[in-house]
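Inspection log for the structure reproduced underneath, given as structure tokens.
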Amino acid sequence: MGYWLLKSEPDTFSIDDLYSLPNRTDHWDGIRNYQARNFMRDEMKKGDLAFFYHSNCAEPAIVGLVEVIKEAYVDHTAFDPDEYYFDAKSGPERPRWVMVDVKFKQKFRNVVTLKDMKANPLLSEMRLVQKGNRLSIMPISSGEWIKILEMNGESVS
DNA sequence: GCCAACGTTGGC
DNA sequence: GCCAACGTTGGC
């Protein structure tokens, strides 16, 4: 099983927004970066778990868990000129972008902040804590996954 | 195919 | 809001 980290700006789409949706499920749409897309398209599998990370906010942090419940399929929001993430180069005949479906699993009572992760030498290999990191979807090793859950101090069902 | 210009990300 | 880092674009 794979482990991932998904970034979202809470002003745009927070973990509470996901929780409030029907079935607590949403499309992870709007990814317009090739590396992030390739992770989704080629490696993300149904049943994989992902950290939900709040970026570009007062306290950047991992705030909860989600599960991948549908593997990559065409991101149709790229086709619609009215959509914020419209991409004129991605038409239905040549789709360029994909999305997956994720379902809310858990919201942490104690978030794991970027600051805490940066301070932990065991997480120094994580791309998230490295300078200039802009990747919005990244794989997490099983060791890092466990370590972060330990930092959070909650048992995970 | 190089690389300067530009736009975006995201921590602070 | 600032700005460094990075990815993408497009002229040549």
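All figures in this text were calculated on a predicted structure; none of them were measured in a lab. Chain identifiers are assigned alphabetically (A, B, ...) following the order of the sequence lines, protein sequences preceding nucleic acid strands; residue numbering begins at 1 within each chain.
Applying the salt bridge (Lys or Arg N to Asp or Glu O under 4.0 Å) test to E43(A) and every residue at least two apart in sequence or in another chain returns nothing. S136(A) pairs by the side-chain hydrogen bond (donor to acceptor under 3.5 Å, both in side chains) definition with nothing, not counting sequence neighbours. R96(A) meets the salt bridge (Lys or Arg N to Asp or Glu O under 4.0 Å) test with no other residue; sequence neighbours excluded. Residues meeting the side-chain hydrogen bond (donor to acceptor under 3.5 Å, both in side chains) test with D116(A), sequence neighbours left out: T113(A).
In this structure, R96(A) places its CZ atom 17 Å from P of dG7(C), rounding to the nearest Å. In this structure, D11(A) atom CG and dG1(C) atom P are separated by 13 Å, rounded to whole Å. The separation between M138(A) atom CE and dG7(C) atom P is 12 Å, rounded to whole Å.
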Please write out the pairs of protein N or O atoms and N or O atoms of nucleotides 8-12 of chain B separated by less than 3.5 Å, giving the distance to one decimal.
from    : atom 1 : to      : atom 2 : distance (Å)
dT8(B)  : O2     : R134(A) : NH1    : 3.4
dT8(B)  : O2     : R134(A) : NH2    : 3.1
dG10(B) : OP1    : K7(A)   : NZ     : 2.7
dG10(B) : OP1    : R134(A) : O      : 3.0
dG11(B) : OP1    : Y53(A)  : OH     : 2.8
dG11(B) : OP2    : N56(A)  : N      : 2.9
dC12(B) : OP1    : K118(A) : NZ     : 3.2

Distance-only donor-acceptor pairs under 3.5 Å for side chains of residues 64-72 of chain A, two or more places apart:
from   : atom 1 : to     : atom 2 : distance (Å)
E71(A) : OE2    : K46(A) : N      : 2.8

